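Residue numbers begin at 1 in each chain, while the letters A, B, ... track the order of the sequences. Source: prediction; values computed, not measured.
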Amino acid sequence: MTIDNRYNIQSTEVKWQKLWAEHKVFSVPNTPRSDKTYYVLEMFPYPSGNMHVGHVRNYTIGDVITRFKRNQGFEVLHPMGWDSAGLPAENAALDNGYHPREWTYKNIDTMRAQFKRLGLSFDWDREFATSDVDYQKQQQRIFLSFYDKGIAYQKESMVNWDPVDHCVLANEEVEDGRGWRSGALVEQKHLKQWFLKITDYADDLLDGLDTIEDWPEQVKIMQRHWIGKSKGLRMSFPLNEPTGGFDKIDIFTTRPDTIFGASFIGLSSQHPLTQCLAKDNDKLCAFISDECERGGTSEVAIETAEKQGFDTGLTVPHPFEDRDLPVYVANFILMGYGTGAIFGVPAHDQRDLDFARKYDLDVTPVVVPNGTDGDFVIEDEAYTGDGILANSDFLNGLNITAAKAEIIKRIEAMERGEAKTQYRLRDWGVSRQRYWGCPIPIIHCDDCGAVPVPDDQLPVTLPDDVEFEKPGNPLERHPTWKNVKCPQCGQKAIRETDTLATFFDSSWYFARFCDPKNDDTPFDKEMTNRWLPVDQYVGGIEHAVLHLLYARFFSRALKDCGYMDIEEPFKRLFTLGMITHQSYRDAQGNWLFPEQVVKEDNDQWIHVETKDPVKVSGVIKMSKSKKNVVNPTEIFESYGADAARLFVMSDSPPEKELEWSAAGIDGAWRFVNRIHRQVTESLEQLPDKEASVSDDISDGAKDLRHLVHKTLKYYTGAIERFHFNSAIARLRELSNAIGGFQPQTEGDYTALREALEIMVRIANPFMPHVTEELWQALGHEKYLADMHWPKYDQDLAKDDEITIAVQINGKLRSKITLAADADKAVTEQAALNDDRIKTLLSDKDIKRVIVVPGKIVNVVAQ
RNA sequence: GCCUGUGUGGCGGAAUUGGUAGACGCGUUGGAUUCAAAAUCCAAUGUCCUUUGGACGUGGGGGUUCGACUCCCUCCACAGGCACCA
């Protein structure tokens, strides 16, 4: 395709980018100059090496908001940095011998240039990378404050182990039983790890969700569910035959009301009592390894796994009835939730029912639907609905809520247990057995235990002389870095070789941006008070329970450590949709890049080189593995940044997915050129920029002025509502009207100038380069970026005449044109006097006439 | 299974929140310009009916209303999230 450059896109765009940078147009001081501040932030990128189209969309949205808010008189903080620690750097080191640092900073340089080429309004003076030593130093301070406060602690526990990345994963990083990056099946390992006490904040994180109104409901629901608060009863059952030091079993239940229906006790395979029993019971050992630990945690594995049990022979007495319950080890009980033990009520829990049928245990319904008379029978389906208690002694006749309260009261009185709130959320493991991260500033001493590195010895920096030939953590193999003296007793000690998870890095970067050069403390509290919370946060939905939950937790923890006063870091959150693209495969099923295929005249797709037929495989999320990717930097070169920006903003609402298409970018490019042409072609005839629009203008010019102000009104509102695609549609309408306008008089030319100027000004947030160029061509000196947003004229925006629809029985039958301020009576008369309406009503009786002035008339007739 | 969304022409989508469905763009067709092409400009473009005109039409079915893409019930499809959480 040949491209006809109406104006030199490359040189013009780069020129303005340089000017903005030289004059620091988008820089703001740490302490804002005015009270009218606004903080716009997009989730910062991982420097993978190349910008992708998703970045274009994410950062253009933030950029449009920034430029719009600046025009509205806000002092806008819009910083940019790099989430630059993490595994890919190490994998690259393994693959091609780069040092992770070299690889990372080279990528940052490349991507910084790409981001600048997009014309984004960042305050580049604030840029930092989380792998910077300065950043890690402050982060180590934060970690030690957390340690001091007991928010960071060590414990031995079963952890998710990714066998491919040789690294521990947080629960939030395990998807469908697989590592979120490597895709490898996650194993369970017993390791000593650093954890953050996010569970202490569970209630607060839950309650806080109600205070952040401008978040997508979907994200809040996902976080609520992840925290997973449920109220119930924790109680103990004494063993009839105490064994191995165990004399009772603790269980947790959310259905204490069903206790009379209990027919067994279930233990997790990892429960301490199970482990104890297994020591001298080979059959139990075999059961644990064959039936409990073998099955995967994937969706399919769970759904097909049969309920299996192992009778331990132990029994416990029922607390209220004269009978014993057998104790089973069961493969469906998780150690990680509650106490790892339950009482099974087959009638009211499907899993328990499946289990009971298999091992022939009692199934006694104790909650029956309202109105059932005694003969309620459970077949293959457990009853989990509402109802009245039955077969339950003193609970009979109560509803579920009352029965729960009664049991809890009695168990507490018997000192056998207590009401307990249980969370699904577990503490956040932040240790990673990898090199390219922030070192944990702790030294392990045999005598003193875990000793913090003293503040004057911070930062703990990574050694450069490491080797990556072997998998695993090179810090652990490093001869000198690891062996140090204990800061307390001076004896031989060992440095902590784990580094912090990268989600730790991204949990406070938004605060560091307020005060990025501070060496004494992570950030100045006053400065964060002025800028935080972030007024508008923009990013992908995939972080709904990872980054967005951690950052909310960090704000609270940082507040408790005295670093800042803000609890909720992000006031408004906007989650954008992903980018999709057509995908292609050859006859063997191999994915092909878009540039490897071409469409023939007969609508058949073939391979460019081999000419073999190609299968079009549907529009799916852009990903390297499916090869349906587009390199945005090539787009900047051929179409320019303005066209790329316009396209990603105009084709879809920002929260929905966007299908990338060559035709779409082509259309955007044409519009950029069209605006350029419309202004430059009129320039010679336009009057001086100071001329005001006279009244001596044609009707056509009056219509144009009317449209200009009407557009302005709608357009501004649309941007505020994030309806960017609708705003751009109105912009195009205005451009179409200008294109069809033939100026006659001198006054018409001033009207044309006004229309062109407004069009250029309001197009600026989307197409900053071409509009700055045209604004200058129109004779202005000030940057459009620094202009105030134009205000519409109420009178000019108002319609004088409006067209009103006239319906008969709800069906459109005619249209009438009226003065815009026509009242009800006038409107009704005009509608009934309309010729068509009269004809259609001639043989009918009018029952009722509904008149909504300015909108519609509906005649109800028979 | 549970919890969220979404469903509108050939395609992406609009409808300022109950009041003229299909704005705007892409595509297609026709025309102008051109030696020709590209670019540009103009016009048409939901479906069906024999027309001046009419009928149908926002995933299906039902309801509320003078009036429903919009609100309610129900079913279907797709997408996302969670999931042996007691």
Side-chain angles (χ1 to χ4, degrees), chain A residues 1-6 175-176 216-222 224-226 228 230 232 251-255 258 266 268 295 297 299 301-303 305 307 330-334 336-345 348-352 354-355 422-425 541-542 544-545 577-578 619 647 650-653 655-659 661-664 666-668 670-671 673-674 677 713-715 717-718 720-721 723 725-733 735-736 739-740 803-815 847-852 854-861:
Chain A
M1 171 187 339
T2 53
I3 286 170
D4 172 24
N5 271 357
R6 289 301 166 125
E175 290 166 357
D176 221 13
E217 202 52 40
Q218 190 195 2
V219 174
K220 295 205 261 185
I221 288 167
M222 280 163 71
R224 267 188 209 110
H225 192 247
W226 190 264
S230 44
I251 64 94
F252 173 75
T253 179
T254 55
R255 291 297 302 275
T258 60
S268 162
T297 41
E299 190 175 333
I302 288 168
E303 264 178 20
K307 304 284 171 284
N331 65 344
F332 61 95
I333 296 162
L334 306 173
Y337 185 80
T339 61
I342 59 151
F343 66 68
V345 184
H348 304 293
D349 184 292
Q350 193 58 48
R351 295 157 301 176
D352 296 350
D354 295 345
F355 189 81
Q422 188 70 41
Y423 297 92
R424 189 182 170 278
L425 183 72
I541 186 84
E542 66 272 19
V545 285
M578 59 197 183
V619 178
F647 170 63
S650 64
D651 225 47
S652 253
E655 67 278 8
K656 279 192 72 171
E657 47 189 50
L658 169 73
E659 187 191 339
S661 72
D666 230 39
R670 280 206 291 272
F671 187 52
N673 280 297
R674 180 184 163 90
R677 197 171 349 99
K713 184 179 176 181
Y714 180 90
Y715 188 89
E720 274 160 358
R721 293 193 309 274
H723 290 195
N725 54 333
S726 300
I728 291 165
R730 294 302 171 115
L731 190 66
R732 292 187 121 118
E733 275 179 307
S735 169
N736 289 346
T803 303
I804 282 185
V806 184
Q807 302 178 330
I808 294 175
N809 295 333
K811 287 197 173 159
L812 180 68
R813 285 296 178 253
S814 184
K815 291 175 186 179
K847 299 282 181 203
R848 201 177 150 191
V849 182
I850 285 122
V851 182
V852 185
K855 296 256 163 107
I856 205 161
V857 176
N858 187 14
V859 183
V860 186

So what does [X] hit on the nucleic acid, given a heavy-atom distance under 4.0 Å: a base, only sugar-phosphate, or nothing?
X	result
Arg813(A)	sugar-phosphate
Ile221(A)	sugar-phosphate
Asn736(A)	sugar-phosphate
Lys815(A)	base
Val852(A)	base
Gln218(A)	sugar-phosphate
Lys713(A)	nothing
Arg255(A)	sugar-phosphate
Asn858(A)	base
Thr803(A)	base
Ile804(A)	nothing
Arg424(A)	base

How far, in whole Å, is [M] from [N] if one measures between their [atom1] atoms?
N	M	atom1	result
rG10(B)	rG5(B)	P	29 Å
rC69(B)	rU58(B)	C1'	5 Å
rG12(B)	rG27(B)	C1'	11 Å
rC3(B)	rC73(B)	P	14 Å
rG18(B)	rA68(B)	P	14 Å
rG57(B)	rA21(B)	C1'	9 Å
rA23(B)	rA44(B)	P	12 Å
rA43(B)	rA37(B)	C1'	22 Å

About how many Å separate [atom2] of [Y] and [atom1] of [X], when rounded to the nearest 0.5 Å?
X	Y	atom1	atom2	value
Phe671(A)	Ile728(A)	CZ	CD1	8.5 Å
Ile342(A)	Asp349(A)	CD1	CG	7.0 Å
Leu812(A)	Asn858(A)	CG	CG	10.5 Å
Ile804(A)	Lys855(A)	CD1	NZ	10.5 Å
Lys307(A)	Gln350(A)	NZ	CD	8.5 Å

Using a cut-off of less than 4.0 Å, is there contact between a side-chain N or O of [X] and OP1 or OP2 of [N]?
X	N	answer
Ser652(A)	rG13(B)	yes
Asn331(A)	rC84(B)	no
Lys307(A)	rC84(B)	no
His723(A)	rA15(B)	yes
Arg730(A)	rU16(B)	no
Ser726(A)	rA15(B)	yes

RNA chain B: 5'-proximal contact among Gly664(A) and Val860(A) (nearest heavy atom):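 It is Gly664(A), whose closest nucleotide lies nearer the 5' terminus.
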For Asp651(A) and for Gly740(A), locate the closest nucleotide of RNA chain B by heavy-atom distance; then report the residue assigned to the nucleotide nearer the 5' terminus.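 The residue mapped nearer the 5' terminus is Asp651(A).
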Compare the minimum distances between each of [options] and the side chain of [X], then state the nucleotide with the smallest one.
X	options	answer
Arg674(A)	rC85(B), rC41(B), rG19(B)	rC41(B)
Leu334(A)	rC85(B), rC24(B), rG12(B)	rC85(B)
Tyr714(A)	rC26(B), rC85(B), rA15(B)	rA15(B)
Arg670(A)	rG19(B), rU40(B), rU20(B)	rU40(B)
Arg677(A)	rU40(B), rA15(B), rU20(B)	rU40(B)
Lys811(A)	rA86(B), rC56(B), rC66(B)	rC56(B)

Whole-Å distance separating the [atom1] atom of [X] from the [atom2] atom of [N]:
X	N	atom1	atom2	result
Phe647(A)	rG12(B)	CZ	C1'	9 Å
Ile808(A)	rG67(B)	CD1	C1'	14 Å
Leu812(A)	rG54(B)	CG	P	10 Å
His225(A)	rC82(B)	NE2	C1'	5 Å
Glu542(A)	rG5(B)	CD	P	20 Å
Arg732(A)	rC41(B)	CZ	P	12 Å
Glu733(A)	rA23(B)	CD	C1'	6 Å
Ile541(A)	rA79(B)	CD1	P	17 Å

Return the pairing partner of [N] with a 3.5 Å limit on both distances, Watson-Crick or G-U wobble; otherwise return none.
N	value
rC56(B)	rG46(B)
rC11(B)	rG25(B)
rU20(B)	none
rC35(B)	none
rC2(B)	rG81(B)

Might you work through the side chain to side chain contact (heavy atoms under 4.5 Å, CB included) test for Arg674(A) and Asn736(A), ending with a clear yes or no? CA-CA 10 Å; Arg674(A) 180 184 163 90; Asn736(A) 289 346; 3.1 Å; yes
Test item: Arg424(A) side-chain N/O and Trp226(A) main-chain N/O as donor-acceptor pair under 3.5 Å: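 Yes, Arg424(A) side chain to Trp226(A) backbone: donor-acceptor pair under 3.5 Å.
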Are any side-chain N or O atoms of Ser652(A) and backbone N or O atoms of Glu657(A), one a donor and one an acceptor, separated by less than 3.5 Å?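 Pair found, side chain donor or acceptor close to backbone of Glu657(A).
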Can you give me the closest heavy-atom contact between Val857(A) and Val849(A), atom names plus distance?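 Heavy atoms of Val857(A) and Val849(A) come nearest at CG1-CG1, 4.0 Å.
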Where does rG9(B) fall, syn or anti, if syn means a chi angle no more than 90° from 0?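 Base orientation: syn.
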Axial cation check for Phe332(A) ring with Arg351(A), 6.0 Å and 45° limits: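 Negative - Arg351(A) is either too far from the ring of Phe332(A) or too far off its axis.
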Return yes if the base of rC66(B) and the side-chain atoms of Lys847(A) contain a donor-acceptor N/O pair under 3.5 Å, otherwise no.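 Such a pair does not exist between side chain and base.
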